[in-house]
S.K.: 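Just dropping this structure here.
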Protein chains: 2
Amino acid sequence: MNIGSAAKASGVSAKMIRHYEGIGLLPQAGRSDTGYRQYGEKDLRTLQFIRRSRDLGFSLGEIQGLLGLWQDRARPSREVKALAERHLEFLDRKLDELQSMKNALSHLVSCCHGDERPDCPILESLSGENGSTGLGGHGGR
Amino acid sequence: MNIGSAAKASGVSAKMIRHYEGIGLLPQAGRSDTGYRQYGEKDLRTLQFIRRSRDLGFSLGEIQGLLGLWQDRARPSREVKALAERHLEFLDRKLDELQSMKNALSHLVSCCHGDERPDCPILESLSGENGSTGLGGHGGR
DNA sequence: ATGGAGCTTCCCATGATGGGAAGGTCAAGC
DNA sequence: GCTTGACCTTCCCATCATGGGAAGCTCCAT
């Protein structure tokens with residue numbers, strides 16, 4: 001199976017498959033006589049594993065860890081769970097961050113009449129003429 | 001005022017101030033005789049405007065738009081609101097995406113006993129031995 | 001044999017940010 | 001006055017995951 005079919009079957013683009021191989025996330029693929037990468041069932045399962053992990057937001061580094069555990073039949077599930085929990089905390093932090101932005105911004109939006117007149121609480125808040133918008137002081141990333 | 005003080009006072013790093021100038025988000029800063037960038041009150045207000053916008057998650061492109069509207073005293077607030085609403089939709093999409101990840105992953109985590117034994121529903125789900133974890137088929141980012 | 005689809009490698013771009021090197025400048029203390 | 005250390009300058013490189021595109025080779029069907 002060539003890289004294009006593997007890409008279609010796994011949902012990982014050919015570009016990314018090559019990249020994953022380049023950074024050592026995937027082993028070197030076998031090659032045909034003419035240098036085409038060749039993929040089999042086992043490779044497909046690995047590619048799908050990676051795609052599902054990406055769908056859950058795991059970084060490629062974390063996926064390297066997951067792949068290692070997956071391939072180690074003696075892994076303690078404790079380790080998998082720990083890795084997943086760390087990622088869960090990451091997701092929680094991101095969610096909080098986005099939710100705060102959303103709260104602050106949707107408040108501002110609801111205060112802006114949005115017509116032809118120039119006065120605008122959104123711009124006022126951004127320029128610091130701020131009454132109390134929920135925008136704290138420093139503290140961004 | 002040199003760039004370091006402007007950075008401290010605005011909450012935007014010196015590195016980023018130079019970068020914003022480089023991409024045209026900020027006008028060329030005035031220079032001292034010896035080539036040091038000089039900043040005044042007005043520049044500080046602009047830098048703070050940018051920082052607050054970043055804190056709400058606006059991209060630098062969007063901030064360019066916001067700055068333009070801010071500096072245009074004849075802007076219709078309608079335009080500011082539209083820009084903000086577009087960003088709110090973006091935040092909503094991101095939130096949904098993260099929330100789905102969190103839901104799927106926290107379900108898996110709660111199913112994993114996390115002890116010394118190797119069997120693990122997290123890995124099973126990632127490898128596709130999947131019963132019904134909420135992980136849909138293709139459809140990533 | 002020809003054409004088009006698919007493969008190869010290589011380089012570059014994105015977006016926001018930071019790290020660090022090499023060298024010039026400023027101000028305080030001796 | 002000279003030294004020292006903090007600060008500034010520009011320039012290049014890295015991150016993270018992904019994609020675009022060029023130049024050139026291969027494969028298969030007509």
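To find a chain, count down the sequence lines: A is the first, B the second, and so on, and within it residues start at 1.
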S.K.: Rounded to whole angstroms, how far apart are CD1 on Ile3(A) and C1' on dC25(D)?
M.R.: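 Distance check: Ile3(A) CD1 to dC25(D) C1' gives 16 Å.
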
S.K.: Mind checking Ser32(B) for me? I need base, sugar-phosphate or nothing, with any heavy atom below 4.0 Å counting as a touch.
M.R.: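 Ser32(B): no heavy atom of the nucleic acid under 4.0 Å.
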
S.K.: Indicate yes or no: at least one non-hydrogen side-chain atom of Leu47(A) is less than 4.5 angstrom from one of Leu26(A).
M.R.: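 Touching, per the 4.5 Å side-chain cut-off.
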
S.K.: Please examine the side chains of Arg75(A) and Leu123(B), heavy atoms only from C-beta on, and report whether any two atoms are closer than 4.5 Å.
M.R.: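 Of all side-chain heavy-atom pairs linking Arg75(A) with Leu123(B), at least one is under 4.5 Å.
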
S.K.: State whether Arg18(B) and Glu21(B) are salt-bridged, where the test is any N-O pair (Lys NZ or Arg NE/NH1/NH2 against Asp/Glu carboxylate O) under 4.0 Å.
M.R.: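 The answer is no: the pair does not qualify as a salt bridge.
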
S.K.: Is there side-chain contact between Arg37(B) and Ile3(B), with heavy atoms separated by less than 4.5 Å?
M.R.: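 Side chain of Arg37(B) against side chain of Ile3(B), heavy atoms only: contact under 4.5 Å found.
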
S.K.: If we fit an axis to the first five pairs and another to the last five of the helix from dA1(C)-dT30(D) to dC30(C)-dG1(D), what angle do they make, to the nearest 10°?
M.R.: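 Rounded to the nearest 10 degrees, the bend comes out at 20°.
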
S.K.: In whole angstrom, what separates Lys15(A)'s NZ from dC12(C)'s P?
M.R.: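 Answer to the nearest Å: 13 Å.
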
S.K.: Answer yes or no: does a side-chain N or O of Arg37(A) lie under 4.0 Å from OP1 or OP2 of dC7(C)?
M.R.: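 Negative; the distance criterion is not met.
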
S.K.: Using side-chain heavy atoms (C-beta onward) and a distance below 4.5 Å, is Leu126(B) in contact with Ile50(A)?
M.R.: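 Answer no - side chains too far apart.
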
S.K.: dA16(C) P sits how many Å from Leu25(B) CG, rounded?
M.R.: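 These atoms are roughly 10 Å apart.
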
S.K.: Between Asn2(B) and Met16(A), just flag the one whose closest nucleotide in DNA chain D comes earlier from the 5' side.
M.R.: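 Result: Asn2(B).
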
S.K.: Are the side chain of Asp72(A) and the backbone of Ala74(A) linked by a donor-acceptor contact shorter than 3.5 Å?
M.R.: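 Present.
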
S.K.: Mind checking Tyr20(A) for me? I need base, sugar-phosphate or nothing, with any heavy atom below 4.0 Å counting as a touch.
M.R.: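 Tyr20(A): backbone/sugar contact only, no base atoms under 4.0 Å.
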
S.K.: Output the rounded distance in Å from CD (Glu21(A)) to C1' (dT8(C)).
M.R.: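 The answer, rounded to whole Å, is 12 Å.
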
S.K.: Could you state the atom-to-atom distance from CD1 of Ile23(A) to P of dA14(D) in whole Å?
M.R.: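 Result: 15 Å.
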
S.K.: A side-chain contact here means heavy atoms from C-beta on lying under 4.5 Å apart; do Thr46(B) and Trp70(B) qualify?
M.R.: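 Side chain of Thr46(B) against side chain of Trp70(B), heavy atoms only: contact under 4.5 Å found.
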
S.K.: Would you kindly give the NZ-to-C1' distance between Lys8(A) and dC7(C), to the nearest whole Å?
M.R.: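 Lys8(A) atom NZ is separated from dC7(C) atom C1' by 13 Å.
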
S.K.: Would you say a side-chain N or O of Thr34(B) is under 4.0 Å from OP1 or OP2 of dG24(C)?
M.R.: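 The answer is no; no side-chain N or O of Thr34(B) sits under 4.0 Å from OP1 or OP2.
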
S.K.: Do Leu105(B) and His87(A) have side-chain heavy atoms sitting under 4.5 Å apart?
M.R.: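 Yes, at least one pair of side-chain atoms sits under 4.5 Å.
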
S.K.: For Tyr36(A) and dG6(C), give me the distance from atom OH to atom C1', rounded to whole Å.
M.R.: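 Rounding to the nearest Å, OH of Tyr36(A) and C1' of dG6(C) are 6 Å apart.
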
S.K.: Pick the closest DNA chain D nucleotide for Asp33(A) and for His19(A) by heavy atoms, then say which residue is nearer the 5' end.
M.R.: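 Its nearest nucleotide being more 5', the pick is His19(A).
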
S.K.: Polar pairs (N or O, both sides) under 3.5 Å between protein and nucleotides 3-5 of chain D?
M.R.:
none

S.K.: Is Lys94(B) paired with Glu97(B) through a side-chain N to carboxylate O contact shorter than 4.0 Å?
M.R.: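 Judged by the 4.0 Å cut-off on N to carboxylate O distance, Glu97(B) and Lys94(B) do form a salt bridge.
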
S.K.: May I have the distance from Arg31(B) (atom CZ) to dT10(D) (atom C1'), rounded to whole angstrom?
M.R.: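 Whole-Å distance recorded here is 10 Å.
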
S.K.: Report yes if at least one side-chain N or O of Arg18(B) is closer than 4.0 Å to OP1 or OP2 of dC8(D); otherwise report no.
M.R.: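 Answer no for this pair, as no side-chain N or O of Arg18(B) is under 4.0 Å from OP1 or OP2.
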
S.K.: Is there side-chain contact between Arg54(A) and Leu60(A), with heavy atoms separated by less than 4.5 Å?
M.R.: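 A side-chain contact exists here, since the closest heavy-atom pair is under 4.5 Å.
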
